[in-house]
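Note sheet for the following structure.
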Amino acid sequence: MRGAKSAKWVTGAIVVAMAATACGGDKSDSGSGLTDGKVDPNGTLVVQTSEPQNPLQPANAKESQGHRVLKSLWSGLVTYEPGTGKIKNINAESVTSSDAQHWTVKLKPGWKFHNGEPVTAKSYVDSWNWSANTKNNQINSQWFADIEGYDDVHPAKGEGDPKSDKMSGLKVVSDTEFTIALKSKVSYFNYKLGYAVWYPLPDAFFKDPKAYGQKPVGNGPYKFESWDHNDKIVVKRFDGYQGPDKAKNGGITFKNYTTADAAYNDLRSNNLDWIEQIPDTSLTNYKSDLGDRAITNEYSAIQDVAFAFYTDQWKSINPKVLTGLSMAIDRDTITKTTLHGSRVPATSFVAKGVIGYQANSCGEACTFNAEKAKQYIKDGGGVPGNKISIQYNADQPHKTWVDAVCNSIRKSTGIECVGDSKPNFKADLDQREKKQVKSMYRSGWVLDYPVNANFLRDLYGSKADGNQGGYENKEFDELAAKADQANTLDETVKLYQEAEKTLAKKLPVIPLWYYATNAGQSTKVYGKMPYGQDGDPILTDVQVKQK
Amino acid sequence: MGRYVARRLLQMIPVFIGTTLLIFLMVHVLPGDPIKALWGDKAADPAQVAVLRHKFGLDLPLWQQYTNYMADLFQGKFGETFGGRQVSDLMAESFPVTIRLALVAFVIEVVLGITLGVFAGLKAGKAVDTAVLIFTLLVISVPVFVLGYIFQTVFATELGWVTPSVQDSEDFTQLILPGAVLGSLSLAYVARLTRTTISENVRSDYMRTALAKGLPRRRIVGVHLLRNSLIPVVTFLGTDIGALMGGAIVTEGIFNVQGIGQQLYRAVSQGEGTTTVGIVTVLVIVFLFTSLIVDLLYAVLDPRIRYA
């Protein structure tokens, strides 16, 4: 599982096509063959995946691999417009609200599941009620927490069994219309709806959820064919598909690879058409190996190093010291050399491609300046102990960049910096949750939905679940609370942008870089593979060459 | 003989209980909460975590978890993975793959290993012998993953004779390359073991007698010499079956073979106790039985050995 374990954890479901803008810097010259030959509309693809951890149920894929398969089998209410991150209706005719708390969803008529059942308002409401219920053990059940009556189907820990199997906030009006009442205002609620958890389920599913998890029936562009466990999942184009994003190929085989090296070798010999991440061992030469079939693509995820504010070291630290440490890191050089250009230096707390992203919100703190860094740390009274450590998990390839960051800090400021390695991700998480991190720790975030609130509210609010470092910033909390009460998306986004600016005054984390995927495609793929903002290709738009 | 087998079978019970208990305890002292890790980098939902912990019995005291597990095991139930699949299904998918790969590796190491060993042993000190010794030394000193990548690059990527990874694990021809890599180390040991015993026995009295009787050379080497020289080799091969069945995590990874080694690796790294203990239990049984069979084979090979 080495290679696969290091695959990113994606909760985000956002398919923002960045086809034209984001794909690699290489020009395809006519001789290279990317667009040689004709397109075969029935050609099939083999793409890399690992065995999904859970049955294929909409709210049961936390990892990007299972999620990739779900996305092919289902279509949700909305998806995201290429480039802008704005939402676009797929199965929904409209998703509207006048007060950001009460939402009305109208569906396009005539849609059918792969088993012939019609897709109705009830398919959505039943699906959500089922997924939110703690009894059904869906990993993503907490996604429904905004909806009124959620606590009845999903009681908090220690409060016994669910009281009901229906959320009171969901009401079916007609076959093509239902309403959603939220607990409080969430002006970007419709932006959350692109994620897999919100997919509908046919009636037949509820009779035997377990069997349907093995042989899923969706409403998406592909229909399920077979699942050979630990080997492959095969889906075929669904010809009765009503949506605008019809598949441009005949079907997809999701093939399980346990190591990235094996997948890369298969890609080079054309046994595999797409590899999700070039193995570290080949990062230096994959561009020459693959030519313009190499894919470099930024996606909306950020890597930081977070401070454990509960430690004696940072408890009552002068914010100037934090800024100084951040300035001591030469992000440009590290991303170019150590990371072989697979990352892009960060200048803000929110990743690119997200609504409300503002470059440079981190300001001078994210600009390398060794002289100033030293000065700031001196002015702020220095780092207690004159030594820091960065905790990371050794089962993913973090060691190299942690060492590089430490070197950079040591060289610029003379402060001793060491990596604090934990054997695996579980152990790393355990230390963070028990608040036993000694100094600093690796942290990161992949988007859930493309609104800046997702990168801010859920990470830096003093009460947020994702705030494991114990960061507190009154100004930020106040602005975030105001933003959450706003009636429109624009207002929310603006207020969060202001809140983001307050973070620069006292850094909660040191933003390091945004992620980019280094992937590759085989010679069978026609043109460059289009990518979404979650770092995954838009499989329906991939075309296959005629043999 | 019957009493011997019965005694050996009885001895297996404490060994079996001891090893499963040990593995069970070891899985549970691994740091971190496997359920929370299902949420990855994102914050886990305490309510759902509690429900899942209860579902998998992880909220019980450790001794109770163990007794529950053993009680289920004796009814033939191996439990469920975190993904809700039966561990027995998982094993039913992976063991055949591993068995096929192990079989290919085993055949390669037995046939090639013994042949090389016999030639080297008969010509001890000659050029053939030196060549075999150098070759096996080379194989022993090169780590398996290096050999794996070299084979893959040469035979698959460069020459294109085979695909770099195994596309269909039911196709034995595709398993030859990973099988050769997997069996290479044991092949070297088998060759060296055979060579040593052969070169010793070739000077023994019964060999001179056989020669004096005018028996054909083929019969002398094939029956008299080989049968008497194979005991240490058989011992080695017996334990090697267990090792091959345990899956070769490295080889399986390089050639993308979805065998038991990969499952075990995944289960351990995810802290999935049921799967880990289940697979190890089966492996323990395989080990115990192969060692019993090896011991019984001694009597077949050497009539002087008798079991009362």
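Naming convention: chains lettered A, B, ... in sequence-line order (proteins, then strands); numbering from 1 in each chain. In this text, all values refer to a predicted model and were calculated from it rather than measured experimentally.
- Looking at heavy atoms from C-beta onward, B:Lys55 lies in side-chain contact with A:Asn137 at the 4.5 angstrom threshold.
- Proximity to chain A (any heavy atom under 4.5 Å) is restricted, for B:Thr157, to the side chain, taken from C-beta onward.
- Side-chain N or O atoms of B:Trp39 include one that pairs as donor or acceptor with a backbone N or O of A:Ile139 at under 3.5 Å.
- Inter-residue side-chain proximity for B:Gln263 and A:Asn230 is flagged as met; some heavy-atom pair is nearer than 4.5 Å.
- Taking a cutoff of 4.0 Å between a charged side-chain nitrogen and a carboxylate oxygen, B:Lys42 and A:Asp448 qualify as a salt bridge.
- Side chain to side chain, A:His154 and B:Asp45 meet the donor-acceptor criterion of an N or O pair below 3.5 Å.
- Neither the backbone nor the side chain of B:Val162 comes within contact range of chain A, judged by heavy atoms closer than 4.5 Å.
- Residues A:Asn424 and B:Ser269 are not in side-chain contact: their nearest non-hydrogen atoms beyond the backbone lie 4.5 Å or more apart.
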query: Yes or no on side-chain contact (heavy atoms from CB on, under 4.5 Å) for A:Thr258 and B:Glu252, after CA distance, side-chain angles and deciding distance?
result: CA-CA 9 Å; A:Thr258 40; B:Glu252 286 183 4; over 6 Å; no
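- Between B:Pro164 and A:Asn265, the shortest heavy-atom contact is CG-O, 3.4 Å.
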query: side-chain contact (heavy atoms from CB on, under 4.5 Å) between B:Gln258 and A:Asn256: does it pass, once the steps are laid out?
result: CA-CA 9 Å; B:Gln258 302 301 330; A:Asn256 177 20; 3.5 Å; yes
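- Of all non-hydrogen atoms in B:Gly83 and A:Asn54, the two that sit nearest each other are CA-OD1, 3.3 Å.
- Using a 4.5 Å heavy-atom threshold, the side chains of A:Lys426 and B:Asp33 count as separate.
- Using a 4.5 Å cut-off between heavy atoms, A:Pro52 makes no contact with chain B at all.
- Salt-bridge formation is detected for the pair A:Lys210/B:Glu80: a Lys NZ or Arg NE/NH1/NH2 atom is positioned less than 4.0 Å from an Asp or Glu carboxylate oxygen.
- With chain B as partner, the option from A:Lys434, A:Glu433, A:Lys232 having the largest number of non-hydrogen pairs under 4.5 angstrom is A:Glu433.
- Using a 4.5 Å cut-off between heavy atoms, A:Thr134 contacts chain B through both its backbone and its side chain.
- B:Ser165 and A:Asp266 share a donor-acceptor pair across their side chains, judged by distance under 3.5 Å alone.
- Using a 4.5 Å heavy-atom cutoff, the side chains of A:Gln53 and B:Gln270 are in contact.
- Residue A:Lys255 touches chain B through its side chain alone, counting heavy-atom pairs closer than 4.5 Å.
- Of the listed residues (A:Asp261, A:Leu459, A:Asp231, A:Asn271), the greatest number of heavy-atom pairs within a distance under 4.5 Å of chain B belongs to A:Asn271.
- Using a 3.5 Å distance cut-off with no hydrogens or angles, the side chains of A:Ser141 and B:Gln48 do pair a donor with an acceptor.
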